Amino acid sequence: MFAALPATAAWTHRGARSGFEVTYFEPIGHGHRIEGCTTASEDGDTWSVAYDITVDSGWQTRTARVTCRSTTGRHTVLLEADGAGHWRVNDEPAPHLDGCLDVDLESSAMTNTFPVHRAALPIGARTPAPAAYVRAGDLAVERLEQEYSRTSDRGQFRCFDYSAPVFDFSCRLVYDAAGLVLEYPGIAVRAV
């Protein structure tokens, strides 16, 4: 459904915060390693979040190491998934994440890549995509219920309606041929 990933991509945060995100993609074995960093200021606070994520050939998150530096100090969290929807957070079982196949970082536009690659939805189809959601400032890990619905393409771009009811948020996400977000209304736009 999607073309090969580029070596790198970047986004400018817009709306909810000001900042920038840079990501590097590396094929490994039967999946990808994704390393990136995002920095931002939001509501008078600043933070920097670095991440190192591996996904398997089915685009299911297998590991995510996330480190944040903010005014509250430096925090690191390690998430590990078995590919069948079971998670460990900092080596402790995390049953509240059962059924999640993706990690979603509050600080990142890139992590919205995972569900659309994994689900490979035809136009008109929808899928729930609960995720292990990592907050930007303190790296708290929560379950985030969300849904993606594939809509008609816009020329060469693929479009999905996205919703996260807990935030009372919905929007149309526009993706490039490689399945990376180009437009995330109120959050970010692709810079490179």
Side-chain angles (χ1 to χ4, degrees), residues 5-6 8-26 32-55 59-81 87 89-90 94 96-97 100-118 129-146 148 160 162-164 166-171 173-176 179-192:
L5 292 170
T8 187
W11 292 264
T12 300
H13 297 284
R14 288 200 181 148
R17 58 185 166 252
S18 298
F20 202 73
E21 178 178 8
V22 176
T23 301
Y24 298 92
F25 302 95
E26 175 186 358
H32 290 86
R33 180 177 184 187
I34 301 127
E35 291 183 272
C37 182
T38 183
T39 58
S41 63
E42 183 175 12
D43 298 328
D45 292 324
T46 61
W47 43 257
S48 173
V49 175
Y51 53 86
D52 186 343
I53 301 169
T54 58
V55 295
W59 283 91
Q60 295 179 93
T61 301
R62 299 311 293 265
T63 63
R65 179 177 300 278
V66 185
T67 301
C68 178
R69 176 70 173 104
S70 69
T71 56
T72 63
R74 182 183 175 91
H75 309 281
T76 298
V77 65
L78 174 64
L79 292 89
E80 300 168 288
W87 294 75
V89 175
N90 292 330
H96 67 289
L97 301 176
C100 297
L101 300 175
D102 308 303
V103 68
D104 187 340
L105 306 181
E106 179 182 28
S107 62
S108 173
M110 183 283 304
T111 52
N112 289 82
T113 296
F114 304 153
V116 299
H117 274 266
R118 184 177 44 71
Y133 185 68
V134 182
R135 292 280 187 178
D138 61 3
L139 301 185
V141 180
E142 306 166 0
R143 181 186 187 90
L144 175 62
E145 299 295 338
Q146 51 189 2
Y148 290 80
F160 293 80
Y162 167 79
S163 65
V166 72
F167 299 126
D168 193 27
F169 181 80
S170 62
C171 68
L173 299 175
V174 179
Y175 291 79
D176 70 4
L180 297 173
V181 173
L182 291 171
E183 299 172 25
Y184 193 151
I187 305 292
V189 295
R190 183 84 168 275
V192 174

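This structure is a prediction, so every number in the text was calculated from the model and none was measured.
- Side-chain N/O atoms of Thr46 and Ser41 include no donor and acceptor closer than 3.5 Å.
- Considering all non-hydrogen atoms of both residues, Phe25 and Ala9 come closest at CE1-CB, 4.0 Å.
- At a threshold of 4.5 Å between non-hydrogen side-chain atoms, the residues Leu97 and Val89 count as touching.
- Here the side chains of Pro130 and Leu101 are not in contact, with every heavy-atom distance at 4.5 Å or above.
- Counting only heavy atoms from C-beta outward, the side chains of Leu79 and Thr61 never approach each other to under 4.5 Å.
- Residues forming a ring-ring contact (aromatic ring centres under 6.0 Å, His included) with Tyr175 (at least two apart in sequence, or on another chain): Phe160.
- Partners of Asp176 according to the side-chain hydrogen bond (donor to acceptor under 3.5 Å, both in side chains) rule, which considers only residues two or more places apart in sequence or in another chain, are Arg190.
- A donor-acceptor contact shorter than 3.5 Å links the side chain of Thr38 to the backbone of Ser107.
- For Tyr148, the ring-ring contact (aromatic ring centres under 6.0 Å, His included) criterion is met by Tyr162, not counting sequence neighbours.
- Distance alone, capped at 3.5 Å, is enough to place a donor-acceptor pair between the Trp11 side chain and the Val181 backbone.
- Thr76 OG1 to Arg65 CZ: the interatomic distance, rounded to the nearest 0.5 Å, is 7.0 Å.
- Distance CZ/Phe167 to CD/Gln146: 9.0 Å, rounded to 0.5 Å.
- In terms of the side chain to side chain contact (heavy atoms under 4.5 Å, CB included) criterion, residue partners of Val166 (sequence neighbours excluded) are, by chain and number, Leu144.
- Take Arg143 and apply the side-chain hydrogen bond (donor to acceptor under 3.5 Å, both in side chains) test, not counting sequence neighbours, and it matches Glu145.
- Contact record, Ala136 with Val49: O-CG2, 3.8 Å, taken as the closest heavy-atom pair.
- Within the structure, salt bridge (Lys or Arg N to Asp or Glu O under 4.0 Å) contacts touching residues 104-115 (residues at least two apart or in different chains) are Glu106-Arg135.
- Applying the side-chain hydrogen bond (donor to acceptor under 3.5 Å, both in side chains) test to Thr113 and every residue at least two apart in sequence or in another chain returns nothing.
- With sequence neighbours excluded, the residues forming a side chain to side chain contact (heavy atoms under 4.5 Å, CB included) with Thr39 are Cys37, Ser48, listed by chain and number.
- Interatomic distance, Ser108 OG to Ile34 CD1, rounded to the nearest 0.5 Å: 9.5 Å.
- Put simply, OG1 on Thr8 and CD on Glu35 are 11.0 Å apart, with the number rounded to the nearest 0.5 Å.
- One finds the CG atom of Leu105 at 9.0 Å from the CG atom of Leu139 (value rounded to the nearest 0.5 Å).
- A donor-acceptor pair shorter than 3.5 Å can be found between the side chains of Thr63 and Thr54.
- Between Asp138 and Ala140, the shortest heavy-atom contact is OD1-N, 3.0 Å.
- How far OG1 of Thr23 is from CG of Leu180: 8.5 Å, rounded to the nearest 0.5 Å.
- Pairs of residues two or more places apart, or lying in two chains, that qualify as ring-ring contact (aromatic ring centres under 6.0 Å, His included) and include a residue from residues 59-79 are His32-Trp59, Trp59-His117.
- Checking side-chain atoms of Trp87 against main-chain N and O of Ala132 turns up no donor-acceptor pair under 3.5 Å.
- The two atoms that bring Asp52 and Arg33 nearest to each other are OD2-NH2, 2.5 Å, heavy atoms only.
- By the side chain to side chain contact (heavy atoms under 4.5 Å, CB included) test, Asn90 pairs with Val77, Leu78, sequence neighbours left out.
- Under the rule for a side-chain hydrogen bond (donor to acceptor under 3.5 Å, both in side chains), Ser170 has no partner lying at least two apart in sequence or in another chain.
- Annotation: side chain to side chain contact (heavy atoms under 4.5 Å, CB included) contacts of Ser70 (sequence neighbours excluded): Trp47, Cys68, Thr72.
- At a threshold of 4.5 Å between non-hydrogen side-chain atoms, the residues Ile53 and Thr111 count as touching.
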